[in-house]
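Side-chain atoms are counted along with the backbone in the values below, which use heavy atoms only and exclude waters and symmetry mates.
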Amino acid sequence: MSDTTATLSTFAKDIHSGLASNPKYLSSKYFYDEKGDQLFQSIMNLEEYYLTRCEFEIFDQQKAEILKSFLANDTSFKLVELGAGDGTKTKILLKHFTNEGVDFSYSPIDISQHVLDILSDDLKKSIPKLQVNAIQGDYFDALAKLNENHFQKEVVLFLGSNIGNFSNGSAPKFLKRLGDNLSSGDLLFIGFDLMKDPNVILSAYNDKLGVTKEFNINLLRRINNELGANFNLESFEHFPTYDPITGETKSHLISNRAQEVFIEATGETYSFDAWEAIHTEVSQKYSLKSIRQFAEQAGFKVVRNFTDKNNYYVDSLWQK
Ligand code: AVI
């Protein structure tokens with residue numbers, strides 16, 4: 001890369017590292033520009049993408065039991081959500097807790113102030129009695145900013161199988177760090193997608209309408225727009241795989257011809273062989289046994305698992 005490296009954005013540096021590697025990779029954290037956010041919203045409404053519906057069903061059908069488990073022997077808690085998004089599913093819980101007269105507050109944390117503004121406005125209208133304290137920023141900085149108050153414990157929500165997008169090495173580190181930021185007795189309510197019929201999983205990442213393909217291709221469009229690249233979007237195929245032994249679901253963009261791509265921001269040309277792949281995303285699938293081990297490694301114990309009627313998905317309640 002040229003000697004302007006020091007002045008390059010983290011985005012440009014990360015894209016360069018990935019495309020200069022063998023095999024090539026790009027991080028799925030860069031999927032989410034404005035168009036990527038919209039595409040993900042569409043994915044969540046797809047027939048094949050069961051994850052969102054499962055979590056919705058769990059909250060809708062088991063909200064009373066979830067509340068009982070959150071409270072246990074206490075009467076109040078501070079509810080914190082990491083990566084709150086539009087809060088559609090969380091609203092089921094928030095409404096129920098409010099209707100039951102529970103003493104709690106809600107602190108959504110998100111990197112995007114825009115997302116938080118929309119969510120806060122929406123909550124003001126839909127659940128006027130709810131105490132909302134939105135915090136913009138990195139999860140750990142934001143957790144440190146949460147004020148001490150009268151609530152007896154903290155309950156952290158990390159929903160939507162977002163943990164599945166961490167690499168295998170980084171997920172345990174993240175959970176350990178999260179645990180280090182909590183006190184004994186605090187709770188973590190975390191969503192995991194479970195191992196199941198591989199065809200069901202593959203269809204969820206290869207929908208008939210091609211929205212997931214577009215979601216992946218949009219990353220190349222973003223690199224074109226923001227870093228002055230000349231990716232030909234027609235010359236990449238989308239190809240997900242699932243390994244039933246490890247539960248790893250991987251997405252790839254595959255160059256359907258030999259080609260070169262130039263990126264102005266890095267000043268480099270990247271060569272692709274015909275059918276060479278770029279790995280773009282991991283969406284890990286878990287067994288209940290691996291979730292238990294995961295919890296223990298991070299210093300938590302599993303209090304209770306809430307699954308949907310098909311056992312496709314679990315919201316697992318962990319105690320520090
Ligand atoms: C956000 N995350 C949990 C989604 C997943 O299922 O891994 C992102 C996604 N990628 C393709 N479809 C949805």
Side-chain angles (χ1 to χ4, degrees), residues 10-11 13-33 36-37 39-40 43-44 46 48-52 54-55 82-83 85 111 139 158-178 190-207 211-220 222-223 236-255 276-295 297-298 312-316:
T10 310
F11 180 41
K13 280 186 204 159
D14 288 351
I15 299 307
H16 172 76
S17 306
L19 295 181
S21 287
N22 185 17
K24 293 180 169 51
Y25 65 87
L26 292 171
S27 168
S28 61
K29 74 176 178 202
Y30 292 120
F31 280 174
Y32 302 89
D33 63 352
D37 283 343
L39 286 164
F40 184 54
I43 287 175
M44 289 194 288
L46 288 170
E48 296 95 332
Y49 196 74
Y50 56 84
L51 289 83
T52 313
C54 289
E55 197 160 58
L82 307 181
I111 202 74
Y139 293 162
F158 193 44
L159 306 173
S161 192
N162 284 329
I163 192 68
N165 297 131
F166 284 58
S167 70
N168 276 344
S170 65
K173 278 192 208 133
F174 172 80
L175 293 172
K176 173 83 180 45
R177 192 167 166 211
L178 190 52
I190 176 168
F192 293 95
D193 194 17
L194 294 172
M195 287 176 164
K196 60 185 67 63
D197 179 346
N199 297 306
V200 172
I201 294 175
L202 278 174
S203 302
Y205 293 88
N206 209 4
D207 62 279
V211 185
T212 311
K213 172 179 180 177
E214 193 49 33
F215 185 54
N216 277 260
I217 293 279
N218 183 55
L219 176 50
L220 305 184
R222 182 173 180 193
I223 300 171
F236 286 85
E237 310 293 328
H238 166 242
F239 187 73
T241 58
Y242 172 65
D243 180 340
I245 304 275
T246 63
E248 219 175 21
T249 309
K250 284 176 152 185
S251 291
H252 309 86
L253 284 168
I254 305 195
S255 173
E276 183 176 350
I278 313 175
H279 172 221
T280 52
E281 189 180 43
V282 179
S283 300
Q284 184 68 37
K285 309 304 166 200
Y286 303 83
S287 65
L288 289 176
K289 199 167 144 200
S290 68
I291 291 170
R292 194 165 294 275
Q293 284 166 352
F294 224 22
Q297 275 167 21
Y312 274 9
Y313 190 95
V314 62
D315 282 301
S316 190

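- Judged by distance alone, with hydrogens and angles left aside, the side-chain atoms of Ser21 form no donor-acceptor pair with the main-chain N or O of Pro23 at under 3.5 Å.
- Shown here are the ring-ring contact (aromatic ring centres under 6.0 Å, His included) partners of His238, two or more places apart in sequence or in another chain: there are none.
- No more than 12 heavy atoms of other residues, nucleotides or ligands lie within 6.0 Å of CZ in Phe239, so this atom counts as exposed by the packing criterion.
- In terms of the side chain to side chain contact (heavy atoms under 4.5 Å, CB included) criterion, residue partners of Arg222 (sequence neighbours excluded) are, by chain and number, Phe11, Tyr30, Asp33, Glu226.
- From Asp243, atom CG reaches atom OG1 of Thr249 across 9.0 Å, with rounding to the nearest 0.5 Å.
- Looking at Val282 and Glu248, their side chains come closer than 4.5 Å, going by heavy atoms from C-beta outward.
- The closest donor-acceptor contact from the side chain of Glu281 to the backbone of Ser251 lies at 3.5 Å or more, if one exists at all.
- The line from OG of Ser255 to CD1 of Ile278 is 7.5 Å long, rounded to the nearest 0.5 Å.
- With hydrogens and angles disregarded, no donor-acceptor distance shorter than 3.5 Å links the side chain of Ser283 to the backbone of Gly164.
- At a threshold of 4.5 Å between non-hydrogen side-chain atoms, the residues Tyr242 and Lys285 count as touching.
- Remark: the Thr280 side chain and the Asn216 side chain contain an N/O donor-acceptor pair separated by less than 3.5 Å.
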For this session: List the steps, then state whether side-chain contact (heavy atoms from CB on, under 4.5 Å) holds for Asp14 with Lys29.
Result: CA-CA 11 Å; Asp14 288 351; Lys29 74 176 178 202; 4.0 Å; yes

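- Within the 4.5 Å cutoff, side-chain heavy atoms of Leu220 are placed close to those of Leu26.
- With hydrogens and angles ignored, the 3.5 Å screen pairs a side-chain donor or acceptor of Ser17 with a backbone N or O of Lys13.
- When side chains are defined from C-beta on, Thr241 counts as touching His252, because their heavy atoms get closer than 4.5 Å.
- Side-chain contact between Lys176 and Gln297 is absent, with no heavy atoms from C-beta onward closer than 4.5 Å.
- In terms of heavy atoms, Phe215 sits closest to Gly36 at CE1-O, 3.5 Å.
- Between Phe158 and Phe192, the ring centre distance reaches or exceeds 6.0 Å.
- In this structure, Ile291 and Val314 have side chains that are in contact, with non-hydrogen atoms separated by less than 4.5 Å.
- Side chain of Glu237 to main chain of Lys213: no donor-acceptor pair is present (N/O by atom type, distance under 3.5 Å, no hydrogens or angles).
- A distance of 6.0 Å or more separates the ring centres of Tyr50 and Tyr313.
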Problem set entry | Phe236/Ile254 under side-chain contact (heavy atoms from CB on, under 4.5 Å): CA gap, chis, key distance, verdict | CA-CA 5 Å; Phe236 286 85; Ile254 305 195; over 6 Å; no

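- Of all the heavy atoms in Leu194 and Ser287, the pair that sits closest is CD2-C, 4.4 Å.
- In this structure, Tyr32 and Phe40 have perpendicular ring planes: the angle between them is above 60°, well past the 30° mark.
- Distance alone, capped at 3.5 Å, is enough to place a donor-acceptor pair between the Lys196 side chain and the Tyr312 backbone.
- Residues passing the ring-ring contact (aromatic ring centres under 6.0 Å, His included) test with Phe294, sequence neighbours excluded: Tyr286.
- Leu51 and Ser161 get closest at one heavy-atom pair: CD2-CB, 3.9 Å.
- For the pair Ile190/Leu159, no side-chain contact is recorded, criterion being any heavy-atom separation below 4.5 Å from C-beta on.
- Across all their heavy atoms, Glu55 and Gly191 have their closest contact at OE2-CA, 3.9 Å.
- Within the model, atoms NZ of Lys24 and NE2 of His279 stand 15.0 Å from one another, a figure rounded to the nearest 0.5 Å.
- Under the 3.5 Å distance criterion, the side-chain polar atoms of Asp207 are matched with a main-chain donor or acceptor of Thr212.
- Taken to the nearest 0.5 Å, the CD atom of Glu48 stands 12.5 Å off from the CG atom of Asn199.
- Between Leu39 and Phe31, every side-chain heavy-atom pair lies at or beyond the 4.5 Å cut-off.
- Taking CZ of Phe174 as the start and CD1 of Ile163 as the end, the distance is 5.5 Å to the nearest 0.5 Å.
- Of all non-hydrogen atoms in Pro240 and Leu202, the two that sit nearest each other are O-CD2, 3.7 Å.
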